[in-house]
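The block underneath contains the structure these notes are about, expressed in structure tokens.
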Amino acid sequence: ETDQLLQRGLRTLVKQGQRGALEILGFTTDVAVVVDDFSLTPPVIALGDTLEIRASIRSTSDRSQKLVVDYTIHHVKANGSTAPKVFKWTTMDLAPGAGSHLRKRHPIREITTRRYHPGRHRIELTIAGQAVAEAVFDLHAE
């Protein structure tokens, strides 16, 4: 019960990559990985479509790493600027030299708290709150 309270209470700090919060929850803070692939399919979408996000990461550490993996979408706003939104992806234990292939489907649809605007949206792959790769997709108005 205490672990769940800690995870819930520290989630914003974990998304921000705050070192102390990551350490309290037992995550690796000095991450040693290489991103072999980070891609989005399709690269051009319309509102209502689903974006597939893929990532292949490999440990370059000689120790096991407990990783928190998220992704940040920099949404285009009405004025053309962007606003970041962090989404949880997964946590994993990565053995020395081991790799992992991740896949996530993210629907691009209107919700009550977010409006989508046409333009180039950027997605960052973040591990322990640090951006390690990025890709872009174009959202077209229908």
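Note: hydrogens, waters and symmetry copies are ignored here, and every other heavy atom, side chains too, is used. Residue numbers count from 1 along this sequence.
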*Would a 4.5 Å heavy-atom cut-off, applied to side chains only, mark Arg63 and Thr28 as touching?*
no
*Which atoms form the tightest heavy-atom contact between Ala133 and Val35, and what is the distance?*
CB-CG1, 3.9 Å
*In Å and rounded to the nearest 0.5 Å, what is the CG to CD distance from Leu40 to Glu134?*
10.5 Å
*Do NZ/NE/NH1/NH2 and the carboxylate oxygens of Lys104 and Asp70 come within less than 4.0 Å?*
no
_Let me check something: do Phe137 and Phe87 share a hydrophobic cluster, defined by ILVMFWY side-chain heavy atoms less than 4.5 Å apart, either directly or through other members?_
yes
_Minimum heavy-atom separation for Gln65 and Val31, please, with both atom names._
OE1-CA, 3.5 Å
*Are Leu125 and Ile123 grouped together when hydrophobic residues (ILVMFWY) are joined by side-chain heavy atoms under 4.5 angstrom apart?*
yes
*Please answer: with hydrophobic residues joined when any side-chain heavy atoms are less than 4.5 Å apart, are Ile73 and Leu51 in the same cluster?*
yes
*Taking all non-hydrogen atoms of both residues, which atom of Ser59 and which atom of Ala95 are closest, and how far apart?*
CB-O, 3.5 Å
*asked:* If you count heavy atoms of other groups shown closer than 6.0 angstrom to CZ of Arg114, is the number above 12?
replied: yes
*Would you call Arg120 and Asp138 a salt bridge, taking side-chain N to carboxylate O under 4.0 Å as the test?*
yes
*May I ask whether Val86 and Val132 are part of the same hydrophobic cluster, defined by side-chain heavy atoms of I, L, V, M, F, W, Y residues being less than 4.5 angstrom apart, directly or through others?*
no
_Quick check against the 3.5 Å criterion: does Thr60 have a side-chain atom that pairs as donor or acceptor with the backbone of Ala32?_
yes
_Heavy-atom pair of closest approach, residues Ala135 and Phe38_ = N-CE2, 3.7 Å
*For Lys77 against His117, the heavy-atom pair lying closest together*: C-CD2, 3.6 Å
*What are the two closest non-hydrogen atoms of Lys66 and Leu25, and how far apart are they?*
NZ-O, 3.4 Å
*Out of curiosity, Arg122 CZ to His75 NE2, how far, rounded to the nearest 0.5 Å?*
12.0 Å
*So how far is it from Leu47 CG to Ile108 CD1, rounded to the nearest 0.5 Å?*
8.5 Å
*Just by distance, do the side chain of Ser56 and the backbone of His101 share a donor-acceptor pair under 3.5 Å?*
no
*Going by distance alone, is a donor N or O of one side chain under 3.5 Å from an acceptor N or O of the other, for His106 and Tyr71?*
yes
*Quick one: do Val34 and Ile127 end up in the same hydrophobic cluster if we chain Ile, Leu, Val, Met, Phe, Trp and Tyr together by side-chain heavy atoms under 4.5 Å apart?*
no
